[in-house]
Participant: 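Provided herewith is a single structure, encoded as structure tokens, for subsequent inquiry.
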Amino acid sequence: MRMSKMFSKTLREAPSSAESKGYEYLLRAGFVQQMGAGIFSLLPLGYKTNSKIEKIIRDEMDQIGGQEILMPVVNPADIWKETGRYYSIDKEMSRFNDRADRDMVLAMTHEEDATAIARQEIGSYKQLPQLIYQIQTKWRDDARPRAGLIRVREFTMKDSYSFDKDIDGLNEQYKEHYSSYFRIFSKAGLPVIVVGADSGMMGGKISHEYMYLSPIGEDTIITCDECDYTANRQVAEFKKEYFKEEEKEIEKVLTPDCKTIEDLCNFLKIEKRQTAKAVFMVGTFINDKTGEEEEKLIVAIIRGDLDVEENKLQKAAKANSLRPAHEEEILAAKMVPGYGSAINCDPKAIIIVDDSVKKSNNLVAGANEKGYHLLNTNYGRDYKGIVADIASAKAGYTCLCGHKLKENRGIEVGNIFQLGTRYSEAMNCYFTDIDGKKKPVIMGSYGIGVGRFLACLAEEYNDEKGLKLPITIAPYQVHLINLIKDTSIGEKIYKELSDAGVDVLYDDRKESPGVKFNDADLIGLPIRITLGNRSVKEGKAEVKFRSNLDENLLFDLDTLTQKVIETIDSLTKDINDKIIHKELSL
RNA sequence: CGGAUAGUAGCGCAGAGGCUAGCGCGCUUGCUUCGGGAGCAAGAUGUCGGAGGUUCAAGUCCUCUCUAUCCGACCA
């Protein structure tokens, strides 16, 4: 490609909307352009990179037996009504009516589609296992897109769907994806860690997320260096210490102005772990069949030294969504904010008790009366509820193995889910097994956000001058800069390299050297060849690596193409040598 | 959806009642220059986000609205 003909231009200053380095460079180098909130176009450089990422993904998916298909973005709402997600997913899924007033949706994921396709094609165990995948546009009307390409509304996703006759088959395909994803990310040079995850609205059981660790990430990942435990905070477990003593009688005490646990502890001169606090939420419960919504007050009781993890709470309460309760709602259920507990509350409220509370006793809790608390409250004796782990893990807490946990921010670039029969049963996707019986197909679904993948690479590979993407995914392998007025040598080398199959970006513009070097730094192609009078006079070209601009090599012009190909091979080999082979045992 | 900020030339910004809206970069033409964002000269570019209103006079004040960004709620 000749830079003189290139569609996009580079920007000297960052557009004001760019707040992360990676995103700033993607904009300035002309990889992407924003169209609206969370809506982007990929310009030629961005699209070339995107295509290289997709190729790595396709190769890997094909390798584990995937067959590429393409499903529609626009779906009849019927299939989404079959699984109930038409009702359970809120505004994030966009809906409209077609000319005949039929309900339509923009598919935000394709479990429904994949299942609808599979039920047509699969009838016998002899056809299983199967794996289909697609790389396709998703629209998710996120309430708040942010951070450039990290959280967008329209994006490209690789999603694959596995179909098996039994759990062993599912486990097999799940493990294949587990390993395959590591190879995909490492081939592109993106460091990721895998974490145990919440299966969220997918509704399955086992699931993992692939996280790129970055301070701009929106997920919190809990890890243990000692036993390699890693989990999204939404599901992370930790070891709680319990304190049991002889059970004492409940006792009401005056505790003026003690609306927070801190005030209460200072006033009573006790530790936070000796208290039980109540957190009030309102959960929405949706009937999958009718779409009817119902709201119920949820009271979460947790020991004062811990915090509630809303995701865990939502699961324990089996709620569709949660929001903080308003004061009136709390009062209506006979509880008092600031002095609340589950004791003598409205029986219609759902009480979820963290196991820390069940296993401790004689805790100080609210008396549901302004200015009063109760000493020595005990779960079981004084109130009952659903016991679950609803506590949020934090750095410094103790891992189940006994060591200290750490926390990091991360960006989810991929996920794998075991769906089981959630979709096949709901959508009547059955096969006849060897024993002649009809059984639901067992499914898994596996996603990679392609645009987010690119965004993460841009975050990972940059410096104060611009991008420096790895050779496996950089839009071009070589940046050829001609500084000589007589362009004949530049033209000759450009042709030689191109003919030899090298991906070259040739700066043939009539620009000053400074402009050319700065643009080359910004776009950051891995290998830079500079043709200048100094070296060309001696029959040589200068070669630099974007990853280390201080080192300057001289290659003979006669053998340049050959040497460049060798260099490309060696850079590629460096990355391939670092491909992570990791297996999951289930 | 709540809170905050911002919309003026392709990009970054100034102009905060006064008559013809500016600066830097970029863009166009010419000459010179040619190894780290060149110099000189001559140019072009705006419905001041939109709609209403106040005023003799509105980028400038008021109302409404749209859009974007950030914080939060939310997030397969």
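Values below: every heavy atom of this structure, side chains too, minus hydrogens, waters and symmetry copies. Every chain is numbered from 1, with letters handed out A, B, ... down the list of sequences.
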Participant: Report the distance from atom CD of A:E218 to atom C1' of B:C70, rounded to the nearest whole Å.
Facilitator: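 My rounded result for the distance is 13 Å.
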Participant: Are A:F285 and A:I350 close enough that some pair of their side-chain heavy atoms sits under 4.5 Å apart?
Facilitator: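 Yes; the side chains approach each other to less than 4.5 Å.
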Participant: Just jot down the side-chain hydrogen bond (donor to acceptor under 3.5 Å, both in side chains) partners of A:D463, sequence neighbours excluded, or say none.
Facilitator: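 Here the qualifying residues are A:R546.
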Participant: Watson-Crick or G-U wobble partner for B:G17, using a 3.5 Å limit on both distances?
Facilitator: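 Because no pair has both required distances under 3.5 Å, B:G17 counts as unpaired.
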Participant: Could you tell me if the side chain of A:P475 sits less than 4.5 Å from the side chain of A:L525, heavy atoms only?
Facilitator: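 A side-chain contact exists here, since the closest heavy-atom pair is under 4.5 Å.
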Participant: A:K158 side chain to A:R58 main-chain N or O, any donor-acceptor pair under 3.5 Å?
Facilitator: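 No.
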Participant: Within residues 150-159 of chain A, find the residues that approach RNA chain B with a heavy atom at under 4.0 Å, and present them sorted by residue number.
Facilitator: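 The answer is A:R151, A:F155.
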Participant: Can you confirm whether A:Y25 sits close enough to A:F31 that some side-chain heavy atom of one is under 4.5 Å from a side-chain heavy atom of the other?
Facilitator: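 SC-SC contact between A:Y25 and A:F31 ruled out.
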Participant: With both distances under 3.5 Å as the test, what is the Watson-Crick or G-U wobble partner of B:G59?
Facilitator: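 Answer to the pairing question: none, since B:G59 forms no Watson-Crick or G-U pair.
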Participant: Would you kindly give the NZ-to-C1' distance between A:K510 and B:G30, to the nearest whole Å?
Facilitator: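 The answer, rounded to whole Å, is 15 Å.
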Participant: Using the test salt bridge (Lys or Arg N to Asp or Glu O under 4.0 Å), find all partners of A:E295 that sit at least two apart in sequence or belong to another chain.
Facilitator: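 If we apply the salt bridge (Lys or Arg N to Asp or Glu O under 4.0 Å) test to A:E295, skipping adjacent residues, the hits are A:R323.
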Participant: Between B:U69 and A:Q34, is there an OP1 or OP2 to side-chain N/O distance shorter than 4.0 Å?
Facilitator: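 Result: yes.
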Participant: B:U29 and B:A44: how far apart are their P atoms, nearest whole angstrom?
Facilitator: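 Roughly 15 Å separates the two P atoms.
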Participant: Please tabulate, one pair per line, each protein N/O and nucleotide N/O from nucleotides 42-51 of chain B that are separated by under 3.5 Å, including the distance.
Facilitator:
none

Participant: Within the structure shown, what part of the strands sits under 4.0 Å from A:E412 by heavy-atom distance: base, sugar-phosphate, or nothing?
Facilitator: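 Counting heavy atoms under 4.0 Å across all strands, no contact is made by A:E412.
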Participant: For the aromatic rings, using the six-membered ring if either is Trp, is the centroid distance between A:Y210 and A:F182 under 6.0 Å?
Facilitator: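 Centroid distance A:Y210-A:F182: below 6.0 Å, so yes.
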Participant: Provide the Watson-Crick or G-U wobble partner of B:U45, both distances under 3.5 Å; none if there is no partner.
Facilitator: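 Its partner: none found.
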Participant: Tell me the interatomic distance from A:E19, atom CD, to B:U5, atom P, rounded to whole angstroms.
Facilitator: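 Computing the A:E19:CD to B:U5:P distance gives 19 Å.
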Participant: Checking A:S179 now: which residues fulfil side-chain hydrogen bond (donor to acceptor under 3.5 Å, both in side chains) with it, not counting sequence neighbours?
Facilitator: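 Counting only residues at least two positions away or on another chain, A:S179 forms no side-chain hydrogen bond (donor to acceptor under 3.5 Å, both in side chains).
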Participant: Taking pairing as Watson-Crick or G-U wobble with both contacts under 3.5 Å, can you name the mate of B:G10, or confirm there isn't one?
Facilitator: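 B:G10 is paired, partner B:C25.
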Participant: Can you tell me the pairing partner of B:G2 across any strand shown, Watson-Crick or G-U wobble, with both distances under 3.5 angstrom?
Facilitator: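 B:C71 is the nucleotide pairing with B:G2.
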Participant: Between B:G22 and B:G30, how far is it from one P atom to the other, in whole Å?
Facilitator: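 Here B:G22 and B:G30 have their P atoms 28 Å from each other.
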Participant: Could you tell me which nucleotide pairs with B:C40 by Watson-Crick or G-U wobble geometry, both distances under 3.5 Å, or answer none if nothing does?
Facilitator: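 Per the H-bond distance test, B:G30.
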Participant: Considering residues at least two apart in sequence or located in another chain, which fulfil the salt bridge (Lys or Arg N to Asp or Glu O under 4.0 Å) criterion with A:D508?
Facilitator: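 For A:D508 the salt bridge (Lys or Arg N to Asp or Glu O under 4.0 Å) partners, ignoring immediate neighbours, are A:R2.
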Participant: Who passes salt bridge (Lys or Arg N to Asp or Glu O under 4.0 Å) against A:D78, sequence neighbours left out?
Facilitator: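 Salt bridge (Lys or Arg N to Asp or Glu O under 4.0 Å) list for A:D78, sorted by chain: empty.
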Participant: What's touching nucleotides 12-16 of chain B from the protein side, N or O pairs under 3.5 Å?
Facilitator:
{"unit_1": "B:G12", "atom_1": "OP1", "unit_2": "A:S16", "atom_2": "N", "d": "2.9"}
{"unit_1": "B:G12", "atom_1": "OP1", "unit_2": "A:S16", "atom_2": "OG", "d": "3.4"}
{"unit_1": "B:G12", "atom_1": "O2'", "unit_2": "A:E13", "atom_2": "OE2", "d": "3.1"}

Participant: Rounded off to whole Å, could you give me the CD-to-C1' distance for the A:E310 and B:G72 pair?
Facilitator: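 Value for this atom pair: 12 Å.
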Participant: I'd like to check the side-chain hydrogen bond (donor to acceptor under 3.5 Å, both in side chains) partners of A:H110; sequence neighbours left out, ordered by chain and number.
Facilitator: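 side-chain hydrogen bond (donor to acceptor under 3.5 Å, both in side chains) check on A:H110 returns A:Q134, A:Q136, A:K138.
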Participant: When you check the glycosidic angle of B:G59, does it come out syn, meaning within 90° of 0, or anti?
Facilitator: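 Here B:G59 takes the syn form, which means its glycosidic angle is within 90° of 0.
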Participant: Determine the contact category for A:A143: base if any of its heavy atoms lies under 4.0 Å from a base atom, sugar-phosphate if only primed atoms, P, OP1 or OP2 are that close, otherwise nothing.
Facilitator: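 Base contact.
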Participant: For A:A107, which contact category applies under a 4.0 Å heavy-atom criterion: base, sugar-phosphate, or nothing?
Facilitator: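 Contact class for A:A107: none.
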Participant: Taking A:S424 for its side chain and A:V441 for its backbone only, find out whether a donor-acceptor pair lies under 3.5 Å.
Facilitator: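 Yes; judged by distance alone, with no hydrogens or angles, the pair exists.
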Participant: Below 4.5 Å, heavy atoms only, C-beta onward: do A:R233 and A:N311 meet side chain to side chain?
Facilitator: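 They are not in contact (no side-chain heavy atoms under 4.5 Å apart), so the answer is no.
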Participant: Would you say A:R144 places a side-chain N or O within less than 4.0 Å of OP1 or OP2 belonging to B:C75?
Facilitator: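 Checking A:R144 against B:C75: no side-chain N or O falls below 4.0 Å of OP1 or OP2.
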Participant: Nucleotide by nucleotide, 5' to 3', does protein get under 4.0 Å of the base (B), only the sugar-phosphate (S), or neither (-) in nucleotides 32-41 of chain B, counting heavy atoms?
Facilitator: --BBBBS---
Participant: Not counting sequence neighbours, which residues clear side-chain hydrogen bond (donor to acceptor under 3.5 Å, both in side chains) with A:T115? List them please.
Facilitator: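 With sequence neighbours excluded, A:T115 shows a side-chain hydrogen bond (donor to acceptor under 3.5 Å, both in side chains) to no residue whatsoever.
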Participant: Using the test salt bridge (Lys or Arg N to Asp or Glu O under 4.0 Å), find all partners of A:E19 that sit at least two apart in sequence or belong to another chain.
Facilitator: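 Partners of A:E19 by the salt bridge (Lys or Arg N to Asp or Glu O under 4.0 Å) criterion come out as none, since no residue qualifies.
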